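What follows is a single structure, written as C-alpha cells, with notes after it.
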Amino acid sequence: MKLYNTLSGQVEKFVPADANEVKMYVCGVTPYSATHVGHALSYVVFDTLRRYLEYKGYRVRHIQNFTDVDDKIIQRAQESGVSEDELVEEFIGDYFSAMDALNIQRAAEYPRATREIPRIIDAIAGLIDRGHAYPTAGDVYFRVTSKDDYGKLSHRTLDSMIAGARIQVDENKEHPMDFVLWKGAKPGEPSWESPWGPGRPGWHIECTAMSLEYLGEQLDIHGGGQDLVFPHHENEIAQSECYTGAKPFSRYWMHNGLLQLGSDKMSKSLGNLVSVVEALERYSPDAMRLYFLSSHYRSPLAYSDEGAAAIERSLDRIRHALTPSNGSGPQVNPSSHAARFATAMDDDLNTPQAVAALFDLARDINRGRDAGQRIDEGQATLRELGGVLGLTFAERASSDTELAAAPFIDLLVSVRSDLRAARQFALADQIRDGLAEQGVALEDSAQGTQWQYQSPD
RNA sequence: GGCGACGUAGCCAAGUGGACUAAGGCGGAGGUCUGCAAAACCUCUAUUCGGCGGUUCGAAUCCGCCCGUCGCCUCCA
C-alpha cells in the first residue's frame, strides 16, 4: 500500500514500524460549536483509512484527542453563561452523536487536554531542561531556533515565515516564531498549577503529550486536515522530537483537503458552516460518506445540496443490487471488481476509483439478476467492500409520522392492486399519482408492488 | 509578499509519458421490460483534457510562459 506523506511530499510505500499494529493519531476537535460537515469529511477519511488497514489485516490503534481548553471555549462559555465544562460536555456529546450517525468507528482512546496536565507539564519541563524552551513572565515558549529542521513538514524556512509579516511581535519572545507551550493564567480563566505559575497548556503541546502517553514516542500515521499542517503539526514535530529525541515523530503525515462551501473554505471564522445534524436531516449517512469519498481525500471538495442529492440518487442503484433474487444460473463473479477496489485503495486511498469498482459491481449484479443468474456471491462482495468504505446500505430511517402512515399506504396500495387486476388503470394511476405527491414512490413488479418514501432532493 | 494546490464532458470526479478511440456518478437522448409508469438493464452523450509554445517516436500526463480558481502563512478537520 502506498500513501502520500506530507513530510516528504511524495507517495511512499506504507510500512508500519510494527508489522502487526498501526499506531494512528488523528487530531480531534475543539468542542465549542456544532460538529460540521467539514469535520465529517476529515473523520470519514481517516475512518476509511482505518477500515481499509483493518481489511488488509492490520490491527490499528487509533487515538484521537479533544482540545478541551482554549480561548474559544473560554470565550464561548462566558458568552453563554455556562461553565467551560458544561460547554465542552455538550459539544463532545454532539461530536459523538454525529460520528456515530456517520458510522465512524470509535478511537481506542479520546484523551482530553485537561486530564493530561501532569503529562503536559512533564513534557514542557523536559523541553526546558534540554534547552528547547524557556519560561518568561508566566508563559513558556518553545525556542524554534533550537531545532535545525523546524519547518520540514510545511516546507518553509524560518526566514520565509518571518517574511509573512503577520506575526505578532511579543516582547517576551526570543524569536517571533517561538510558540507558547504554557500560557500564564489571566483572571477568570481556568488554570492549573505548574512550576511556572498557574496557567494552561498551549494548543500544540497537548498532542505531543497525549500521543506519547497513548502511543509511545513514534507514530506510524498522524492525520488531520490540511489546515493543521502549519503551525499545529509543525510544532508537534518540533516538541516531540526535541523532547524524546526520537525521529521521526510520525513516519507518515496525512492531511485531507478541506471542504469548501461555495467558493470559500468552510470554517469557524467565516461562519459558513453546515452542521452534520442539518446534513443528515436531508441525506443518508451513506450518501454523506460516499460524497466525501467520491473525490480524492487530498483534494478540496465543494459541498453542495445538488452534489449530495446526486450521490443519494446514485445509491439507489447499489441498494437495488442488494435486494434478493431467485436466480439459479451461474454466479456473477465479483473477483475482478474486488481486485480493482484493492488496487485503487492501495494507491494512496484512491476512493473515487474504489467507488467506481463498486458501481461496476452493482451493475454486473443487476445485469446478472435480469439474466437469471445467482448473485449472492456478488452481493456479499458488494456488502464487504462497501463496508470497507463504511457504507451500511441501510434504507433511510423512517420518522414516527411515516411509520404511523404505513398501514394506510399499505391499504391504498392493496386497493390499487385490485384495481389493476380489474384493469381499472385510470383509478389505479390516480392512487399512484396521489401517493407520489405525498412523497411515496410505487414500483410494480411480477412479485407485486413495492413502495417507499422518496429521499428528498 | 512567501509557500503550495488545482483547472478533464451540462455538473461532480478518476487518470499524471504509450493498452486514453480518457473510469465512475449525476443529468440528458433513444431502447428493452411494463396496461402506462417507476426501478433495473442496453446504447449513445469529451477525437479531447484552461490557453500558447517546447521536450519526446509518442503528452491530459514532462518543461516554460500566460490566464483563471483555491488553500496555508492567524483560531480551524
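Every chain is numbered from 1, with letters handed out A, B, ... down the list of sequences. Here the structure is a predicted model, which means the values were calculated and not measured.
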Query raised in the report: With respect to the phosphate group of C42(B), does any side-chain polar atom (N or O) of Arg367(A) fall under 4.0 Å of OP1 or OP2?
Result: yes
Report summary line: For Asp220(A), the salt bridge (Lys or Arg N to Asp or Glu O under 4.0 Å) test, sequence neighbours excluded, returns Arg251(A)
Query raised in the report: What closest approach, in Å, do Pro334(A) and Thr381(A) show between heavy atoms, and which atom pair accounts for it?
Result: CG-OG1, 3.2 Å
Query - Given Glu206(A), Glu89(A), Glu84(A), the one that forms salt bridge (charged side-chain N to carboxylate O under 4.0 Å, His left out) with Arg112(A) - result: Glu89(A)
Protein-nucleotides 35-39 of chain B N/O pairs closer than 3.5 Å?
| from | atom 1 | to | atom 2 | distance (Å) |
| --- | --- | --- | --- | --- |
| G35(B) | O6 | Arg420(A) | NE | 3.0 |
| G35(B) | N1 | Asp429(A) | OD1 | 3.0 |
| G35(B) | N2 | Asp429(A) | OD2 | 2.6 |
| C36(B) | O2 | Arg432(A) | NH2 | 2.5 |
| C36(B) | N3 | Arg432(A) | NH1 | 2.9 |
| C36(B) | N3 | Arg432(A) | NH2 | 3.3 |
| C36(B) | N4 | Asp444(A) | OD2 | 3.2 |
| A37(B) | N6 | Asp444(A) | O | 3.1 |
| A37(B) | N1 | Asp444(A) | N | 3.1 |
| A37(B) | N1 | Asp444(A) | OD2 | 3.4 |
| A37(B) | N3 | Arg432(A) | NH1 | 2.9 |
| A38(B) | N1 | Asp444(A) | O | 3.3 |

Polar atoms only, N or O, under 3.5 Å: list the protein pairs with nucleotides 19-23 of chain B and their distances.
| from | atom 1 | to | atom 2 | distance (Å) |
| --- | --- | --- | --- | --- |
| A23(B) | O2' | Arg340(A) | NH2 | 2.8 |

Query raised in the report: So what does Asn256(A) hit on the nucleic acid, given a heavy-atom distance under 4.0 Å: a base, only sugar-phosphate, or nothing?
Result: base
Report task. Please list, chain by chain and in numerical order, all residues satisfying side-chain contact (heavy atoms from CB on, under 4.5 Å) with Thr392(A), sequence neighbours excluded. Result -> Asn103(A), Asp286(A), Ala394(A)
Query raised in the report: With respect to Ile365(A), which candidate in Asp376(A), Ile375(A), Thr323(A) satisfies the side chain to side chain contact (heavy atoms under 4.5 Å, CB included) definition?
Result: Ile375(A)
Could I get a table of every N or O pair under 3.5 Å where one atom is in the protein and the other is in nucleotides 4-10 of chain B?
none

Requested in this report: Name the closest nucleotide to the His36(A) side chain, picking from C41(B), C73(B), A77(B).
Outcome: A77(B)
Report summary line: Result for 5'-nearest mapping on RNA chain B, choosing between Asp370(A) and Gly225(A), is Asp370(A)
Query - Sugar-phosphate only, base, or nothing, as touched by Tyr43(A) at under 4.0 Å among non-hydrogen atoms - result: sugar-phosphate
Query raised in the report: Who does A39(B) pair with, Watson-Crick or G-U, both distances under 3.5 Å?
Result: none
**Report entry** Residue from Asn350(A), Asp348(A), Asn256(A), Thr48(A) passing side-chain hydrogen bond (donor to acceptor under 3.5 Å, both in side chains) with Tyr297(A)
**Finding:** Asp348(A)
Report summary line: Any strand, both distances under 3.5 Å, Watson-Crick or G-U wobble: C72(B) pairs with G2(B)
Report summary line: Of C73(B), C42(B), A77(B), the nucleotide closest to the side chain of Cys27(A) is A77(B)
Query raised in the report: Where the side chain of Asp70(A) is concerned, which of C75(B), A77(B), A14(B) is the nearest nucleotide?
Result: C75(B)
Query raised in the report: Which part of the nucleic acid, if any, lies within contact of His296(A), taking any heavy atom under 4.0 Å across all strands shown: a base, the sugar-phosphate backbone alone, or nothing?
Result: sugar-phosphate
Query - Pair Arg319(A) + Glu312(A): basic N to acidic O under 4.0 Å - result: yes
**Report entry** More than 12 heavy atoms of other groups within 6.0 Å of Glu278(A) CD
**Finding:** yes
Requested in this report: Answer with base, sugar-phosphate or nothing: what part of the nucleic acid does Gly224(A) contact at a heavy-atom distance below 4.0 Å?
Outcome: sugar-phosphate
Query raised in the report: What does G7(B) pair with, Watson-Crick or G-U, if both distances are under 3.5 Å?
Result: C67(B)
Report summary line: Testing G27(B), G25(B), C72(B) for proximity to the side chain of Arg313(A), the answer is G27(B)
Query raised in the report: Does a side-chain N-to-carboxylate-O contact under 4.0 Å join Asp444(A) and Arg416(A)?
Result: yes
Query raised in the report: So does Asn366(A) get a side-chain nitrogen or oxygen closer than 4.0 Å to the phosphate oxygens (OP1/OP2) of C41(B)?
Result: yes
Requested in this report: Just jot down the salt bridge (Lys or Arg N to Asp or Glu O under 4.0 Å) partners of Arg289(A), sequence neighbours excluded, or say none.
Outcome: Asp47(A)
Requested in this report: Report which part of the nucleic acid Gly28(A) touches: base, sugar-phosphate, or nothing (heavy-atom distance under 4.0 Å, all strands).
Outcome: sugar-phosphate
**Report entry** Pairwise side-chain contact, Trp182(A) with Asp139(A), heavy-atom cut-off 4.5 Å (strictly under)
**Finding:** no
Requested in this report: Compare every heavy atom of Ser417(A) with every heavy atom of Thr449(A), then report the nearest pair and how far apart it is.
Outcome: OG1-OG, 3.9 Å
